[in-house]
Amino acid sequence: NYLYDKRLVMGRYYSVSGGNISEESLPIPEAVRAALKSLLLDRETGKGMPDPDEYQRYVTEWAETLNQPIPQIRRISFDIEVDSEKNRIPDPHLAERRVTAVGFEASDGVHEVYVLGERGKREAETPAQVTYYADEKQMILDAFEKIAGYPVVLTFNGDDFDMPYLHNRANRLGVPPEDNPLYMMRDAATLKRGVHVDLYRTFSNRAFQVYAFSNKYSEYSLNSVSNALLGEQKLDYGVPLDSLTPEQLASYCYNDARLTYMLTSFGDDLLMKLLVVISRIAKMPIDDIARLGVSQWIRSLLYYEHRRHNMLIPKRDDLNARFEGKASTDAVMKDKKYRGGLVVDPQKGIHFKVTVMDFASLYPSIIKVQNLSYETVRCAHGPECESNRVPDTSHWVCKRRNGLTALLIGSLRDLRVNYYKSLSRDGTLGEIERQQYSVVSQALKIILNASYGVMGAEMFPLYFLPAAEATTAIGRHIILETIKKCNESGIEILYGDTDSIFIKDPTPEQVQGVIEVAKADHGVELEVDKEYRYVVLSDRKKNYFGVTTSGKVDVKGLTGKKSHTPPFIRSLFGEITEILADVASEEDFERTKVRITAKMRECAERLNSRKIPLEDLSFNVMLSKAPSEYTKNIPQHIKAAMQLEHASSAAGDMSSFIGGGGEGASRKVKKGDIISYVKTVTRPGVKPVELARPDEIDSTKYMEFMESTLDQVTSVLGMDFAEIMGAKKQSALGDFFHGG
DNA sequence: TATAGGCATACGAAGATTTAATT
DNA sequence: TATTAAATCTTCGTATGCCT
């Protein structure tokens, strides 16, 4: 509230003199100013808004804040190692065991590690400067001093481990609280001064995972995130941590600190910059951006705006009372509250020359153009506004006042689509500027994508179902109307999902016509997304395969690409799609069929002769809950997980029995873990790969899975799995008899 | 302390039906 | 032939991963 009511914008520049704080604006390039001016001059910009001038002011204010240069932030990462009993994670609340090493990596070229013990004969193999300590307390005090020199401190899981452990350990060793730079909260500890960013929390945030890092990682451990984003892993000496020499421990610990730092520095400090920009948009400190979910960001953004305008923030009950808790549309799926996006039935077959068009940020556009917000949908102004109906619902929208959500989301959307996207590609600007605008564009994408979703999420404090329902209802209306217009003018639509349409071989004039109609009728921007040389559509929605004019293969939704599919089938599937990428015309298909058949037969042969390694046969499925929470059903990956836990507790200290390296014997399975299992002929039909033997593999099951996976592509090409696998002569014989 | 809904696939659980075995 | 148990099929629901 202090920040809100003082109107302090997080992430902006301020100067402090004599106890006064004043906002500073750094100069921005002339070309950027000019581009904003032309955006504001465009008469279309405020269209749909009851008060266009107010809207223009929002656009201007946002641009001023977001155009400010993004500072380079001085920061240090650290990581600790702790003595531990076998197979037991040390408890940070007790902090009974010694801290054995602390590694550092900082933005000003610090590469250091402190380690307990005597230096051996050989130098540690690490680029870091190593300091050996005999006294643990002194080492911790030195570490505290090092950390205190930076405004931002980075950790990986520091909230729940490194920070509380250091705090409590220092306490235990007699460091007085006033000399301890950390303080405890309930479970977590953090810095008294400065910003602590726990990257484990940041990378666990779905919004970052999906929109900033396009789902490249699926587990949230330092090792898997680093592996996916940096292509680097933790050090592995092949022995348990407690048997490392001090030099090895130093290298290991420093490397963890280095990876932690690198996660914020790769791609030109991408993550740090995103945190700053989102902080500016959400009016929320970086610590919170890095820890809280996207709904909290948007809450902060809206609350700031309420307080700025002296508006009352409604109570949940007041909002609920305005729609009596009932939706006016029926969801397609049960257990959903209201109806969502429209998916058009695909035209099964192979289609050449397909243009895909989509509406640029459809839902944010609708929110702006139709003035949607919790206070404008079903407003209390009476008949005048009530005549402004939302199609296919019982709702109406205010005509008198701008909706707050519409102002905020609308202005951010316009800036992203018509300003930052082009600035990030503007050749007249310097590399640094272009990069900044690309970061701003990415940050906006995250916020905009979530803006509609939160309105329909009960946990969101401004949850207002009619607003969410109106957004999707108008979306369905727009895509249906567009398809209708296309059909009337003889343009063939092959498929569409929510905000996209697949058009069969249109002329440039037809494409232009569709764009103009969408703009004129609905005020939304339709763009060409991509051009396919050909697309293979099955009769299933959200499942297709296409080759773009540039030869890039697009696979959407097919099992062959999904992460849980065994690697050997995934790579076979990949090879098949690569073969199909070469197809230029219909005649080419016949030739490729021969190549595909050969590949598949070879693969089946290897499967039946058990030549495929177990790892390549494993299904990899994530636990969305803790194992004990599976009460209604015990799916296969849980069965495998339970075997794992049993085996590890039964095996006791036979650590070599499982894995042998890295992981160690104890395998506590928890939420978020990915379980690798194979299908076997033994009892429950599954076994974790770690425990399975090649001779137990159920080849029949694998052949069936292979069939159903590959059939999604081959069946459309007119190929039959059984025939490919050698039964082809029978069918020829059958034809002969029938013919005779 | 967590944005939404729509869709495909695999499989578990339980009920319904068929088949085999026994009286 | 009636009864019971086992095997098989059917239906519904759960879980996961994906699409927009």
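Below, chain A is the first sequence line, B the second, and so on; all start at residue 1.
Among the protein residues, A:A331 comes within range of the sugar-phosphate backbone only, with heavy atoms under 4.0 Å from sugar or phosphate atoms but none that close to a base. Contact annotation for A:M622: backbone-only contact, meaning every heavy-atom pair under 4.0 Å involves sugar-phosphate atoms and none involves a base. At a threshold of 4.0 angstrom between heavy atoms, the contacts of A:Y211 include nucleobase atoms, whether or not backbone atoms are also involved. Counting non-hydrogen atoms under 4.0 angstrom, A:G453 reaches a base of the nucleic acid. Among the atoms of the strands shown, base atoms are found under 4.0 Å from some heavy atom of A:N449. Within 4.0 Å of A:K541, counting heavy atoms only, lie sugar-phosphate atoms of the nucleic acid but no base atom. Heavy atoms of A:Y338 sit under 4.0 angstrom from primed sugar atoms or phosphate atoms, though from no base atom. Across all strands shown, A:T471 has no heavy atoms under 4.0 Å from either base or sugar-phosphate atoms. Residue A:Y630 is in sugar-phosphate contact alone, with no base atom involved, counting any heavy-atom pair closer than 4.0 Å across all strands shown.
One can place CD of A:E219 at 15 Å from C1' of C:dT16, the figure rounded to the nearest angstrom. When rounded to the nearest whole Å, the span between NZ of A:K542 and C1' of B:dC7 equals 6 Å. For the pair A:L342 CG and C:dT20 P, the interatomic distance rounds to 14 Å; values are reported in whole Å. For A:D330 and B:dG6, the CG to C1' distance is 15 Å, given to the nearest whole Å. Between the P atom of C:dT16 and the CD1 atom of A:I675 lies a distance of 11 Å, rounded to the nearest Å.
For A:D330, the CG atom is loosely surrounded, since the number of other residues' heavy atoms within 6.0 Å does not exceed 12.
Judged by closest nucleotide on DNA chain C, A:K334 is the one of A:N543 and A:K334 placed further toward the 5' end. Along DNA chain C, the nucleotide closest to A:Y495 and the one closest to A:E629 are compared, and the more 5′ of them pairs with A:E629.
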What are the atom names and distances for every N/O pair under 3.5 Å that joins the protein to nucleotides 13-15 of chain B?
none

message: A:D392 vs A:R339, test: salt bridge (Lys or Arg N to Asp or Glu O under 4.0 Å). Steps then yes/no.
response: CA-CA 11 Å; A:D392 304 319; A:R339 184 165 290 224; over 6 Å; no
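The side chain of A:K336 lies closest to B:dG6 when the candidates are B:dG6, B:dT9, C:dC18. Nearest nucleotide to the side chain of A:P635, out of B:dC11, C:dC19, C:dA15: C:dA15.
At C:dT16, one or more side-chain N or O atoms of A:H637 fall inside 4.0 Å of OP1 or OP2 (strictly under the cut-off). Applying the 4.0 Å criterion to OP1 and OP2 of B:dG12, one finds that A:Q636 has a side-chain N or O inside that range. Considering only side-chain N and O atoms, A:Q712 lies under 4.0 angstrom from the phosphate OP1 or OP2 of B:dT9. In this model, the phosphate group of B:dA4 is not approached by any side-chain N or O of A:K337 to a distance below 4.0 Å at OP1 or OP2.
A:K679 forms a cation-pi arrangement with A:F619, by the criterion of a distance under 6.0 Å to the ring centre and an angle within 45° of the ring axis.
Using a distance-only test at 3.5 Å, with no hydrogens or angles considered, a donor-acceptor pair links the side chain of A:S300 to the main chain of A:A282.
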Return a table of donor-acceptor pairs under 3.5 angstrom between the side chains of residues 450-468 of chain A and protein atoms on other chains or two or more places apart.
residue	atom	partner	partner atom	Å
A:S451	OG	A:L448	O	2.7
A:Y452	OH	A:Y338	OH	2.9
A:E458	OE1	A:K337	NZ	3.4

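You'll find the side chain of A:D698 stays beyond 4.5 Å of the side chain of A:T680, heavy atoms only.
Here the two rings, on A:F203 and A:Y217, have centers that are under 6.0 Å apart.
Aromatic ring orientation, A:H306 versus A:Y374: parallel (interplanar angle below 30°, classes split at 30° and 60°).
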